[in-house]
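Only one structure is covered here, and it is reproduced in the block below.
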Amino acid sequence: MKRKRSKTTGETRSNHRDSGIGNILLELFVFMTGGVVLALELLASRIMTPYFGVSLYIWTSILSTTLMFLAIGYALGGRLCRRNDSEFLRYAFLLSPVLTAAAIFFASAMYPLLFPSLVSLGLITGSFIASALLLGPSLILLAAMNPLLVAILDTNRGSAGTPAGRVFFVSTVGSVAGVLVCAFIIIPLLTNYRALLLLSTSLCIATAAVVYLSPGFSATRRRRLYLISLTVAVTSVILLATKDRYIDWVTADNRAPFDARILAEYSSLYGNVKVAELQLKLSDAPPFLAYLQDGVLQNRATMDGVSTSPYTYVLEGLSRAYAPDAERALVLGLGAGIVPRNLSARGIGVTTVDINKDALRAATRFFGFDPTDIDVRWEDARTFVRRCRGEFDIVVVDLFQGDYAPEHLFSVEFFRDVARCLTPDGVLVMNARFNSGSNDAVRSFLATVRAALDSVVTYRLPGANDFVVATRQAPAAARRFDLDGVPRPMRDFINAAAESGVIVDENIVRGIEPLTDEHNVFNVLFADAHMAQRLRMSKVLPPNVLIN
């Protein structure tokens with residue numbers, strides 16, 4: 001006679017099976033939210049760049065803010081775990097990502113309005129407040145999920161170590177996945193603003209799916225989670241669809257001297273590139289094209305591609321003055337393509353190196369750059385100059401990412417590699433743009449160049465850029481350059497730069513240590529100057545230009 005299986009036993013096994021499936025879903029959810037934590041951190045750095053730049057200080061603010069709010073979230077989750085109520089723990093666990101989605105939504109809605117004011121507070125104070133506004137509430141809520149899940153899984157209460165290790169392992173692996181997905185998929189395909197709203201919507205959809213598939217909820221709490229998820233998702237989608245109109249509305253009180261119409265925007269691993277049509281308010285002056293990278297105006301031109309950026313004419317003039325018979329030129333940094341374009345038009349064979357292919361898209365579409373007769377290379381400038389030997393009569397260094405120069409491109413070792421690229425009579429011409437109130441900072445930079453090349457001469461564009469010319473052989477004196485090709489309205493301005501040459505002798509750099517790969521504090525030395533540049537940009541450029 002067969003023994004009849006107990007109904008109670010069958011129900012118990014079914015409940016255990018359902019609970020096991022539910023726990024797996026929750027662990028997968030922690031994997032996802034772990035990815036969101038790191039994605040938010042990456043996106044925050046890019047969102048803050050047009051306002052505060054990218055430097056050691058910015059990453060210090062982001063990392064310290066992240067760790068502080070994660071710690072608060074872990075503590076909050078731990079306190080919630082004191083409630084020995086399985087349904088409450090699951091409810092709190094799934095309510096956290098929905099509230100995170102709401103926090104991301106509000107951060108997206110508010111930062112265009114608040115960040116321009118934070119710039120005036122200074123680099124350190126402003127960046128810490130900006131990091132807290134972007135990341136604080138979201139990270140607290142996401143971090144609280146980990147201890148909550150530990151409590152949910154720890155049914156025996158005596159073996160908390162085992163689920164704790166598993167939960168934090170899953171969350172950390174999710175963070176690794178989040179970095180990879182954000183860096184190689186989200187950032188290249190979406191603007192940072194849209195990426196934030198996509199994260200918000202995704203969290204809501206994922207939460208609703210987990211609530212639907214998970215057991216152990218009362219009908220009231222289940223409906224509440226559905227309602228909140230739906231509300232936040234819908235508002236995020238609406239803001240995503242009406243982003244341009246919303247930005248125009250929140251920035252309607254535009255006190256900048258220009259109005260801007262965004263013509264193109266390119267988002268990549270190497271920053272945000274925009275091309276905008278800028279029009280001076282209450283003026284009959286014609287509009288002009290602006291090439292912007294990470295919120296900094298890098299180049300400008302007439303609508304038919306003629307440069308109205310004085311520095312481009314100074315770079316060309318210095319190149320001709322110091323290497324009048326040049327046959328080959330290397331331009332490090334493509335930008336809008338105006339300098340390599342004009343050197344090529346003078347019959348010089350030009351090779352240009354840039355790491356961001358979006359620069360070529362913008363240069364060819366809007367600024368009249370034709371790559372047909374120019375050798376365009378896509379790689380880091382440092383790796384390129386490390387390989388070349390005695391090939392170029394001119395090396396033009398115009399390397400900026402927003403307002404700052406990557407430190408690995410401003411060391412003695414880099415300039416020694418550049419020197420090896422030059423022919424014996426070749427010349428380095430550099431757009432330094434190191435305007436700084438600190439004379440020691442400028443001397444440190446000049447000592448770095450002088451440690452690699454025998455002769456250094458500086459030039460200054462009044463109230464704007466600085467320039468460095470360096471050669472292997474010391475010139476008899478600083479050289480002037482002609483104004484051939486310079487638009488007439490700019491001639492007096494650029495002529496002042498032509499007359500400003502100063503030879504950097506031993507007295508200027510005596511006792512100053514050059515910057516090396518081992519100890520390079522370039523961006524620390526020039527942090528104040530970079531922040532002053534950001535402050536000027538925030539006052540001159542319309543707010544919609546700074547939102548990427």
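FYI, side chains are in, hydrogens and waters are out, and symmetry mates aren't considered; it's all heavy atoms of this structure.
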Query raised in the report: Under the side chain to side chain contact (heavy atoms under 4.5 Å, CB included) criterion, do Gln298 and Val273 qualify, and how do the steps go?
Result: CA-CA 10 Å; Gln298 301 281 12; Val273 171; over 6 Å; no
Query raised in the report: Are Phe168 and Tyr74 close enough, and set up right, to give a ring pair (Phe, Tyr, Trp, His ring centres under 6.0 Å), and what steps lead you there?
Result: CA-CA 11 Å; Phe168 282 93; Tyr74 295 143; 5.7 Å; yes
Query - Check against side chain to side chain contact (heavy atoms under 4.5 Å, CB included), Leu227 and Thr231 - result: CA-CA 6 Å; Leu227 178 61; Thr231 301; 4.1 Å; yes
Requested in this report: Verify side chain to side chain donor-acceptor pair (under 3.5 Å) between Asp354 and Tyr270, making sure each step is shown before the conclusion.
Outcome: CA-CA 10 Å; Asp354 204 295; Tyr270 308 107; over 6 Å; no
Report task. Determine, stepwise, if the pair Glu87 / Ser218 fulfils side chain to side chain donor-acceptor pair (under 3.5 Å). Result -> CA-CA 8 Å; Glu87 183 180 346; Ser218 67; 3.1 Å; yes
Report task. Kindly indicate, with the supporting measurements, whether the criterion side chain to side chain contact (heavy atoms under 4.5 Å, CB included) is fulfilled by Leu292 and Leu541. Result -> CA-CA 10 Å; Leu292 304 111; Leu541 296 175; 3.6 Å; yes
Query raised in the report: For Leu196 and Leu43, what are the C-alpha separation, side-chain angles and deciding distance, and is it a side chain to side chain contact (heavy atoms under 4.5 Å, CB included)?
Result: CA-CA 8 Å; Leu196 275 183; Leu43 291 172; 4.2 Å; yes
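Counting heavy atoms from C-beta on, the side chains of Phe69 and Pro137 never come closer than 4.5 Å. By the 4.5 Å heavy-atom criterion applied to side chains, Ile262 and Lys274 are counted as neighbours. Using a 4.5 Å heavy-atom cutoff, the side chains of Leu135 and Ile62 are in contact. A heavy-atom distance below 4.5 Å is found between the side chains of Phe414 and Leu399. Residues Pro97 and Met32 fail the side-chain proximity criterion, which asks for heavy atoms closer than 4.5 Å. Between Val339 and Leu334 the shortest side-chain heavy-atom distance does not fall below 4.5 Å. The shortest side-chain heavy-atom distance between Phe115 and Pro50 does not fall under the 4.5 Å cut-off. Between Leu409 and Asp380 there is a side-chain heavy-atom pair separated by less than 4.5 Å.
At a cut-off of 3.5 Å, with distance as the only test, no side-chain donor of Tyr266 or Asn356 sits close to an acceptor on the other residue. Using modelled atom types and a 3.5 Å distance limit, the side chains of Arg222 and Tyr212 yield no donor-acceptor pair. With 3.5 Å as the limit, one finds no donor-acceptor pair spanning the side chains of Asn272 and Asp294. For the residue pair Glu413/Thr516, the side-chain donor-acceptor check at 3.5 Å is not satisfied.
Of the inter-residue distances, the one linking Arg194 atom CZ with Thr201 atom OG1 reads 12.5 Å to the nearest 0.5 angstrom. Atoms OG and CG, on Ser171 and Leu38 in that order, are 9.0 Å from each other to the nearest 0.5 Å. Taken to the nearest 0.5 Å, the CD1 atom of Ile104 stands 5.5 Å off from the CG atom of Leu203. Taken to the nearest 0.5 Å, the CG atom of Leu94 stands 11.5 Å off from the CZ atom of Arg221. In this structure, the separation between CG on Leu114 and OH on Tyr111 is 11.5 Å, given to the nearest 0.5 Å. Summarising the geometry, atom CG belonging to Leu142 is positioned 8.5 Å from atom CG belonging to Leu70; distances are rounded to the nearest 0.5 Å.
In terms of modelled atom types and a separation under 3.5 Å, the side chain of Arg300 and the main chain of Leu289 share no donor-acceptor contact. With hydrogens and angles disregarded, a donor-acceptor distance shorter than 3.5 Å links the side chain of Tyr193 to the backbone of Ser108. Distance alone, capped at 3.5 Å, is enough to place a donor-acceptor pair between the Thr49 side chain and the Ser45 backbone. Distance alone, capped at 3.5 Å, places no donor-acceptor pair between the Tyr291 side chain and the Leu297 backbone. Listed for the Ser131 side chain is no donor-acceptor partner under 3.5 Å among the backbone atoms of Thr65.
Across all non-hydrogen atoms, the minimal contact from Phe369 to Gly337 is CD1-O, 3.3 Å. A pairwise comparison of heavy atoms in Ala208 and Tyr226 identifies O-CE2, 3.6 Å as the closest pair. Taking both residues in full, the closest heavy atoms of Val232 and Ser200 are given as CG1-OG, 3.8 Å, listed atom of the first, atom of the second, then distance. Residues Phe367 and Ala290 share a closest heavy-atom pair of CZ-C, 4.1 Å. Minimum interatomic distance between Tyr51 and Val119 (heavy atoms only, all atoms of both residues): O-CG2, 3.6 Å. Annotation for Met48 and Ser127: closest pair CE-O, 3.5 Å, computed over non-hydrogen atoms.
Within a 6.0 Å radius of CH2 in Trp378, other residues, nucleotides and ligands contribute more than 12 heavy atoms. Sparse packing is recorded around NZ of Lys357, with 12 or fewer heavy atoms of other residues, nucleotides or ligands lying under 6.0 Å away.
Between Phe31 and Phe169, the ring center distance fails the sub-6.0 Å criterion. Aromatic ring centroids of Phe258 and Phe288 lie under 6.0 Å apart.
Using a 4.0 Å cut-off between charged nitrogen and carboxylate oxygen, Asp517 and Arg382 count as a salt-bridge pair.
Phe445 and Phe410 have tilted rings, their planes meeting at an angle from 30° to 60° on a 0 to 90° scale.
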